[in-house]
Every structure is written in structure tokens, then in C-alpha cells.
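Below you'll find the structure, written out as C-alpha cells, and then a few comments.
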Amino acid sequence: MTSASEPESFVRMTLGERVQHWVLIASFTLLVLTGLPLVVYEWGPLERLFPIGSAFRVRGLVHRAAAVVLIALSAWHVLYVLFTPRGRETARALRPRSKDLRDACEILMHNLGITAWLYRRGVLRGWFFRHPYWLFAESPRYGRYNFIEKFEYLAVVWGSFAMISTGFFLWNVELAMRIFPRYVFDVLATIHGYEAILAFLAVLVWHMYNVHFAPGVFPMSKVWLTGRISRKRLMEDHPLEYEEIVARGKETI
Amino acid sequence: MTRSPRLQRVRDLLVGIVLALGAAPAAWAQSPTPTNSDCLTCHEDAALVSSAGKTLRVDAERFAGSQHAALACVDCHADLRQTAEFPHREKLAPATCSPCHDETESRFRRGIHSRSHLKLGGRSLRCADCHEPHAVAPASDPASATSPFRVQELCLKCHRTATPETQGRGQGFVASYEESVHARALRKSGLAVSATCVTCHGSHETARVTDPSSRVARRNLPSTCGSCHAGILAAYRQSIHGARAAAGDDKAPVCTDCHGEHTVERASVSSSKVFARNVPETCGRCHADSRLVQSRNLATNRVPSFRSSFHGIALRFGELKVANCASCHGYHDILPSSDPRSRVHAGNIPQTCGGCHPNAGTNWARGAVHVAEPRDNYAAHLAREIYRIGIAGSMGLFALYIAADLWAFRRRRRGRA
């Protein structure tokens, strides 16, 4: 197959998947904004945002409304993964494998370049000559989803489960306390708070770096808007997928 | 120069006897004592002034309507009783009230106002400073200067600016009474039973707060406030605060520690010390004072653990319906959790929480309410520690990856250049 007959870009996110992501962005942002005051309550200027009256109650209402959206989105996603061919295929492609752990170590060692530096300085030259793998001269080759993307997806799945299951009981205090004692309730509240911090920081640091600030990506990867990835980027970032597409002669997996 | 009251009284008595003995024969020989109309002949004239320019007029009509209407001028201005020559000399002995008001006089002698004061040019307060001498009326008369509606003007004439011992309080501390619920009750609602200066401080016997006999001394405060708020006093006496205060613990709170003094306000007013949002700070003045808490063997971390709870955060952000200290512990009838009558005794927790959370059961009592230390809730502590390590670890890995990625990018670019 010649490159002339290949399209210049490939579908990476269908419209349905993009809508899911947009809804997730909206609900996540609202949840963080309305939940954060409970975490950083000691920050002085916040008090001015909540004058005496119903401001705090409105915050709670918005938080729970956004939570309902997240719950509905999660249900939609579960149905999508279970009952659509593309959903099933995507979920399979997102399953973590031992290669992902290896990839993570290899890219880190490749980027740090410690062994290559040692080799250049003549340390263990003979050993490295016999075992060139340990020089990490090449960066690992990724499939449709690299270890970063798989980790982020699983983090969202785990995070949503943790936040929804604990948040449900925080929402329904009286129901929760009929089922378990007060100290368990406090554990749920603790988990809800710290999981929120973890999720917020992970998105802020890890996801924002990988889809916005990373060299070659900056200012932004447009996949979440257009759903398409260019051939050049697909060949660079997901070579195994590209090869598979070429072999199968299809536009998408 | 100050003389002891007793010496002064002995002197007065001696002078009286000498005067009486000396003057008596002369009096018999002279004309009868001047009547009120004799006096008014001159003193009704508004133009009559002293050498200092002060009016010497007596309003005959007001005098006739006063409590003293039945008295003769010379009953009080005793040294004019024997005067035959008019106009009499300008300098007279001060009018004396003690012959009739001796009991009041002796109470006054005990009080702080019988001593000399800078504001009064070094003299002590005189009866006439507060009681209009020629129009004296009972305090129950709303027109009287000493009626509940007007008495604060009288006190504030001196105390608006000058507080003898401010005890670290700024000027205006006394005048802040005018903004209080007590003053408003008088001014707006016309409640004559509301507290004025003299209700709490006493009138003639007014004494410093440091004087153990004072009505506003710590030991006496509950009964002073309780003279009106009797039902609350009864509840307070049953409480741990009331019991400790009665046992002589000077750090045990009395009414003013939670409600303030002159600024006392309803709990619904946002400036009140007992306004829902201000309650943690008010209780915290003692319960967050580590030395006091330790010396009294009280539970530590009560205030910070409340502030970090959902109730505490919601209260901070203006949600007033949420529980504050008093919602669970009560206020006037507050008791330690070890007391079975306490609202926060384990057996009463479901009922106490049930005040807001319908159908609260025994599960509500299983676990600490104030969680501050690991032992308060080991499971929550464990979850917190796991997350702290997890968050620090994952952020560390992210940072390592990002740093390596950026570094490699820089190397590649340099290699190409």
C-alpha cells in the first residue's frame, strides 16, 4: 500500500467519545471548584466568596448537581464499553500489560540517559557493548495507547468509583449512619477529600503536561476537539498502531 | 486632703452641737424662720445670678410638683434657718440630704463615687450632681433624670470619655452600652425593666469591679444578671461552668465572659459574641487556651477539630444552620460528657444529633466527634497517611518523568543545532 492513498489524518476519538470527554471536563471542573473550599478552607480570601447566607448551600447544590452528571456519564461509559463494538475494542486496547511497565522504565531511562552517559565515559564499555539494550538508545514504541494514557484512563475509572461511592454516603448522611458507625463515615469523608486532591493534582500536573505543555504538543493536542490525529503524529507517537492500520488497510482500529 | 468618713461624721456632729448651743438663744430672740415664699421673692427671678454668673432661679412650679414639695427650703439649706438679713450672704453650706436619707447616704459612702475624682475637679460626687435638687422625682417617673430612660445620660456625662480604670479597654467602652440590646430595649421598645447602668452597677453604692462587694465583681455577676434573668441563672447554676464558678474557680466563665458586658447583644445579631459564627471563638477563648485547658484537665484540640470538621467549615463560610459548639453542648446548662445529664454523654448523642439529623440512631455515638489525633479515629488516620504517601509518591514520579522528558528534549535540540 502506498502512502499516497493513505489519508493525512486518522480518527482517534469518535464524536461520542469526545462528548463523553467534554461532559467529564465540565463536571470535573465544577466538582473541583465547589469541592476545593472544603479542602483549603483556611485560605483567608475564600471567606469573602461566602458571605453569611446561602452561598455555601448553593455551593453544595452545584457540587451534587455536577456529581449527578458524573454518575450519569459513568453509567453511559459503562454501557458504551459493554455494548458497543468500538467501546469493547477501546477498553481492550486500554488494558494494562507488562509492556506498559517496561515502556515506562525504558522511556525514563532513555530520557535520563544515565547508562548512555556512563558508556560514553568508558564505564563498563565491554558489558554495554555486549548488552546494548541497557543503553536505552531508542525510545519505546507505543501502540494505540501508551502507558501514560492507560494510566490516566485507569485513574479516572478508579477515581470516579472512589468519589461516587464515598460521595453518595456523604450526600446521604442519615442513610449512611444507618448502615455503618460514625468512625466509618469519617473514613469515607477522609477518602473523599484526599482522593479529590490526588485527582486534581494528577489532572493539573500529569494530564495538562501530556496534552498541553509537553514539547511537540504545546500549546495543545487538538484530538479532544477534532477527534483526528495527523499521520505524522500517529507514526511518531503510536507507531505500532500505525503499522497495524497500514497492515489492515483501515482508517481506524 | 482626705478624711475618713467616720472622723468627718464625728467632726460634723461636734460642729452641729456647738452651733446649736451657740445659736439657740439668738434664734429665740430673732424673727421666725423664712418661709418658701420668702425665698422665692428673690429666687423666682431669672435675672438672679451668682457672682460666677450661674442662675440662682428656682422653678417654683417644678418644685411644687417634686417629691420635695412638702419641704421647706430651710430644711435642706439649714444654715438659712436663722437668717434675718436678706439678701443673705452668697456662700452657703451645701444642702444636706443625710438627715432624711441617712441610709442612702451610708451606702453612697461605701461606693467609689464618695471619693474624689479628677473629672469633678478633685471633689466627690454630690447628691445634686445626679438628682435635680429642686425638681427631684422618683426613678419610676419617666421625666426624672434617674429614670431608666435617662439615667445613662447622667452616667455618660462623665463616663463617655473618662473611665477611671479602663482595664485595657479603650475609651468608649462604657458608651458602647448605647449599642447593646439593653439600651435598644429602652430606647426602641420603651421597656423600663431593661438594664441600665445602675441595674448592674448599683446606684449609690457603685463600686469598682475589683471590689469584692461590687455587684459587677466576678463572684457576684451571675446573681446580678440573674436578678432579671432568673430562669437562666437557675440553669447556669446547674451547669459545670456555674458549679466551678461557685466553687471559686476564677477562670470559670460567668455571664459576661460569653456575652460581653456593655456590648451584650442577642444571639441573632452578627456582632454578638454568641452569634452562631462567633461561638467557636468565644468558647475558644478558654477551650483553645492550652494552659487553661491543661490546668483544668479539659479535652484538648476541641476548637481546631471543630474548625476542620464539615460543621466548622460550613459555619466559617456563613452557613448558620449548621451545628456550632452550643448546638451540641448546650450553653447555660452545659455539662461535661461524663455526666449522664449532658447532651454529649454517649447515651444522649443520638437524641442530640437527632435535633438536626432525623432518625439518628446509636451508630452516631460510635466514633469520636472531635477528630484531631490519630487515636481519635485510627482508620481515618491510616487512610490519610496512605493518601499522603500516595500523593507525594505519584507527584514525585510525575515530576521525575516531566523533568527527564524536558531534559531529553533540550539535549535533542542541542544535538541537532
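Below, read A as the first sequence line, B as the second, and so on, with proteins coming before strands; counting in each chain starts at 1.
For chain A, no part of V322(B) is nearby; none of its heavy atoms comes within less than 4.5 Å. Within the 4.5 angstrom heavy-atom criterion, no atom of L382(B) approaches chain A. Only the side chain of I148(A) comes within contact range of chain B, judged by heavy atoms closer than 4.5 Å. No part of L397(B) comes within reach of chain A, as not one of its non-hydrogen atoms sits under 4.5 angstrom from that chain. No part of Y378(B) comes within reach of chain A, as not one of its non-hydrogen atoms sits under 4.5 angstrom from that chain. Both the backbone and the side chain of A314(B) come within contact range of chain A, each with at least one heavy atom under 4.5 Å from a heavy atom of that chain. Of the two parts of F180(A), only the backbone, made up of N, CA, C and O, holds a non-hydrogen atom closer than 4.5 Å to a non-hydrogen atom of chain B. Residue contact with chain A, scored on non-hydrogen atoms closer than 4.5 Å, involves the backbone and the side chain of I391(B) alike. Looking at A202(A), both its backbone and its side chain come within 4.5 Å of chain B, counting heavy atoms on both sides.
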Residue pair E47(A), R277(B): steps toward the salt bridge (Lys or Arg N to Asp or Glu O under 4.0 Å) verdict: CA-CA 12 Å; E47(A) 254 173 90; R277(B) 209 159 104 144; 3.7 Å; yes
Give the intermediate values and the outcome of side chain to side chain contact (heavy atoms under 4.5 Å, CB included) for residues E174(A) and N359(B). CA-CA 7 Å; E174(A) 285 92 15; N359(B) 304 320; over 6 Å; no
Go through the steps to decide whether V205(A) and I402(B) satisfy the test side chain to side chain contact (heavy atoms under 4.5 Å, CB included), and finish with yes or no. CA-CA 9 Å; V205(A) 175; I402(B) 290 170; 3.9 Å; yes
side-chain hydrogen bond (donor to acceptor under 3.5 Å, both in side chains) between R388(B) and Y194(A), intermediate numbers included: CA-CA 8 Å; R388(B) 278 192 181 152; Y194(A) 278 95; 3.1 Å; yes
After noting the C-alpha distance and the side-chain angles of F310(B) and L38(A), does the key distance pass the side chain to side chain contact (heavy atoms under 4.5 Å, CB included) rule? CA-CA 8 Å; F310(B) 181 80; L38(A) 295 185; 4.1 Å; yes
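For the pair F317(B) and L46(A), the minimum side-chain heavy-atom distance is below 4.5 Å. Side-chain contact check for N111(A) versus W407(B): every heavy-atom pair is 4.5 Å or farther apart. Between H357(B) and M177(A), the closest side-chain pair of non-hydrogen atoms is not below 4.5 Å. Side-chain contact between Y41(A) and S308(B): present, with at least one pair of heavy atoms (C-beta onward) separated by less than 4.5 Å.
Within 6.0 Å of CZ on F275(B) lie more than 12 heavy atoms contributed by other residues, nucleotides or ligands. Sparse packing is recorded around CZ of F129(A), with 12 or fewer heavy atoms of other residues, nucleotides or ligands lying under 6.0 Å away. Counting heavy-atom neighbours within 6.0 Å of Q351(B) CD, excluding the residue itself, gives a total of 12 or less. Within 6.0 Å of CZ on R411(B) lie more than 12 heavy atoms contributed by other residues, nucleotides or ligands. Within a 6.0 Å radius of CD in E281(B), no more than 12 heavy atoms belonging to other residues, nucleotides or ligands are found. Counting heavy atoms of neighbouring residues, nucleotides and ligands inside a 6.0 Å radius, atom CG of L201(A) exceeds 12 of them. Counting non-hydrogen atoms of other residues, nucleotides and ligands closer than 6.0 Å to CZ of R187(B) gives a total above 12. The local environment of CH2 in W43(A) is sparse, with at most 12 non-hydrogen atoms from other residues, nucleotides or ligands closer than 6.0 Å.
Annotation: maximal heavy-atom pairing with chain B below 4.5 Å, among G193(A), P181(A), G216(A), occurs at P181(A). For the set S54(A), G53(A), A104(A), the entry with the most heavy-atom pairs within less than 4.5 Å of chain B is G53(A). Note on A365(B), G367(B), G361(B): by heavy-atom pairs under 4.5 Å with chain A, the leading option is G367(B). Per-residue heavy-atom pair counts under 4.5 Å with chain B were compared for E195(A), R59(A), R178(A), and the maximum is reached by E195(A). The candidate with the highest count of non-hydrogen atom pairs below 4.5 Å against chain A, out of D405(B), T362(B), L406(B), is D405(B).
The distance from atom CZ of F185(A) to atom CG of N377(B), rounded to the nearest 0.5 Å, is 12.0 Å. Between the CE atom in M395(B) and the CH2 atom in W206(A) there is a gap of 10.5 Å [rounded to 0.5 Å]. Interatomic distance, F56(A) CZ to L320(B) CG, rounded to the nearest 0.5 Å: 12.0 Å. Annotation: the span from S139(A) atom OG to R412(B) atom CZ amounts to 8.0 Å, rounded to 0.5 Å. To the nearest 0.5 Å, the span separating SG on C353(B) from CZ on R182(A) amounts to 7.0 Å.
Between F398(B) and F151(A), the ring planes lie perpendicular to each other; the angle is over 60°, past the 30° to 60° tilted range. Between Y401(B) and Y209(A), the ring planes are perpendicular. Angles over 60° get that label, and only those under 30° would be called parallel.
The minimum heavy-atom distance between I313(B) and P37(A), with the atom names listed, is CG2-O, 4.3 Å. Minimum interatomic distance between L198(A) and S394(B) (heavy atoms only, all atoms of both residues): CD1-OG, 3.6 Å. Closest heavy-atom contact between V187(A) and A380(B): CG2-N, 3.5 Å.
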